2 protein chains.
Amino acid sequence: MAKSGQRAGRTAGTDPRSNATRQALIEAAIESLRFDGFSGASARTIATRAQSNQGLVFYHFGSVTDLLLAALDEVSNRRMERYSAAVGSAESPTRLATVAAQIFREDLDEGYVTVLVEMMAGATASPALGEEVAKRIVPWLSFTRQVIDHALTGTPFATVVPTDDAAYAVVALYLGLELLSHLDGDRSRALALFERASSFAALFDTGTTSPLEA
Amino acid sequence: MAKSGQRAGRTAGTDPRSNATRQALIEAAIESLRFDGFSGASARTIATRAQSNQGLVFYHFGSVTDLLLAALDEVSNRRMERYSAAVGSAESPTRLATVAAQIFREDLDEGYVTVLVEMMAGATASPALGEEVAKRIVPWLSFTRQVIDHALTGTPFATVVPTDDAAYAVVALYLGLELLSHLDGDRSRALALFERASSFAALFDTGTTSPLEA
DNA sequence: GTCTATACTTGGATAGAC
DNA sequence: GTCTATCCAAGTATAGAC
């Protein structure tokens with residue numbers, strides 16, 4: 001209640017030193033979601049990973065949940081940048097499938113989707129958290145829809161497939177594949193599916209640009 | 001170390017009264033996974049839901065984790081019976097799609113897949129738990145594969161689609177749809193996809209049996 | 001077989017010293 | 001801005017009375 005524009009924890013960061021700590025905590029929270037899971041991502045665990053102090057979680061973020069949401073924002077933003085850049089360079093369906101496979105591999109290896117899935121599953125506990133997480137899924141859905149929209153122009157499917165339904169399905173598949181492959185520690189089966197999608201996409205390569213151009 | 005054949009907690013249940021408590025705890029554990037999530041499913045929460053005592057969790061199951069695994073076994077068995085019965089009555093692809101939609105609706109409404117997903121996501125915490133959960137996914141995968149196998153006989157896809165890859169994808173999609181629709185509390189988008197699958201399946205209804213027969 | 005009591009650990013969160 | 005100390009609630013697990 002002291003200064004204005006100050007929610008739970010100090011949101012601002014007017015001071016220079018503060019930012020480093022915040023960032024370290026966010027990084028550690030990402031790791032913790034990835035390796036300890038939602039249920040294991042406590043203030044103490046995270047602080048230890050950040051080689052920082054447990055109290056700072058509450059100072060900077062107000063609550064553990066808010067830190068976890070900040071962590072989710074971070075990975076979400078990072079991935080969205082990466083996705084945009086990668087997809088922009090893929091003109092043909094085949095190239096797109098290849099790029100998607102590459103991105104998916106990264107997501108699995110770096111645990112980005114793990115973070116998302118852990119937050120989604122963890123949100124079962126509280127409707128409030130659920131709402132916050134839901135907000136952060138929207139960009140993934142709309143981005144996917146845009147990509148599908150773009151990829152389908154010039155193919156027979158363009159007019160048949162409702163792209164927001166397709167996006168919903170693709171994101172669901174993405175999340176499910178993470179769950180499965182993470183569980184048995186084997187990416188190969190999931191990646192094989194992308195291979196297959198690649199071959200399938202090749203059937204429609206006449207659409208926009210020649211594969212040779214990429 | 002006392003008697004043989006006795007793991008953590010009393011596994012047997014030679015006495016008649018014991019079974020009721022065990023069953024109540026399992027039921028409560030299912031509810032807890034569904035509504036409190038993996039992270040909220042503690043011995044205390046579960047015992048409260050079962051209107052039983054916290055200590056009994058450890059008496060009967062040895063640990064909370066083992067109780068949760070027993071809960072997962074329970075839903076897994078229940079669903080497998082239901083699936084088998086339902087699919088057995090579906091002879092044409094269209095009927096199969098309809099039945100699948102029906103089953104999926106049940107799964108969402110009754111929270112069966114929630115339980116599975118919570119356990120999968122919760123297993124991130126410990127490799128040991130992960131292994132146990134992984135074991136319990138196998139039946140879902142092989143059942144799905146069998147259904148796909150059966151559904152594809154007589155269609156053009158029969159020889160083209162590797163059914164275990166397809167099963168992997170279908171299960172992944174199933175899990176992902178649960179995650180998404182559970183999060184925003186809206187089943188309609190997921191169910192719409194099944195509608196679409198139904199229409200698609202109708203294209204191959206000449207295969208085994210006439211739709212009229214069902 | 002069940003319940004209460006209890007021990008111990010971990011986690012969320014705040015207060016106050018530096 | 002950071003760290004330590006501290007409080008309190010919740011969690012796992014066991015012992016012992018009924």
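We name chains A, B, ... by the order of the sequence lines, and we start the count at 1 in each one. Every value quoted in this text rests on a predicted model; they were computed, and no experiment measured them.
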>> Let me spell it out: for each of A/A43 and B/S52, pick the nucleotide of DNA chain C with the closest heavy atom. Which residue's pick is nearer the 5' end?
In response: B/S52
> Rounded to the Å, how far apart are B/L56 CG and C/dT2 P?
Replying inline: 6 Å
> Looking only at atom types and distance, does a side-chain atom of B/R34 sit under 3.5 Å from a main-chain N or O of B/E110, one as donor and one as acceptor?
Replying inline: yes
>> It should be established whether A/Y59 places a side-chain nitrogen or oxygen under 4.0 Å from OP1 or OP2 of nucleotide D/dT2.
In response: no
> Taking the six-membered ring for Trp, is the centroid-to-centroid distance between A/F38 and B/F38 below 6.0 Å?
Replying inline: no
> Would you say a side-chain N or O of A/S42 is under 4.0 Å from OP1 or OP2 of C/dT10?
Replying inline: no
> What is the nucleic acid contact for B/V64, judged by heavy atoms within less than 4.0 Å: base, sugar-phosphate only, or nothing?
Replying inline: sugar-phosphate
> For the pair made of CZ in A/F38 and C1' in C/dG11, what is the distance, rounded to whole Å?
Replying inline: 13 Å
> Tell me: CD of B/Q54 to P of D/dT12, nearest whole Å?
Replying inline: 8 Å
> Taking CG from A/D66 and C1' from C/dA13, how many angstroms apart are they, rounded to a whole number?
Replying inline: 13 Å
> How many Å lie between CZ on A/R44 and P on C/dT14, as a whole number?
Replying inline: 14 Å
>> Without decimals, in angstroms, what is the distance between A/L25 CG and D/dG1 P?
In response: 13 Å
> Can we say A/D109 and A/R187 salt-bridge, meaning some charged N sits less than 4.0 Å from an Asp/Glu carboxylate O?
Replying inline: yes
>> Whether B/H60 contacts C/dT2 is assessed here as follows: a side-chain N or O lying under 4.0 Å from the phosphate OP1 or OP2. Is that the case?
In response: yes
> How long is the line joining CZ of B/F58 and P of C/dT4, in whole Å?
Replying inline: 16 Å
>> Testing the 3.5 Å rule here: is there a donor-acceptor pair between the side chains of B/T163 and B/D149?
In response: yes
> In whole Å, what is the span from the CG atom of A/N53 to the P atom of D/dT4?
Replying inline: 6 Å
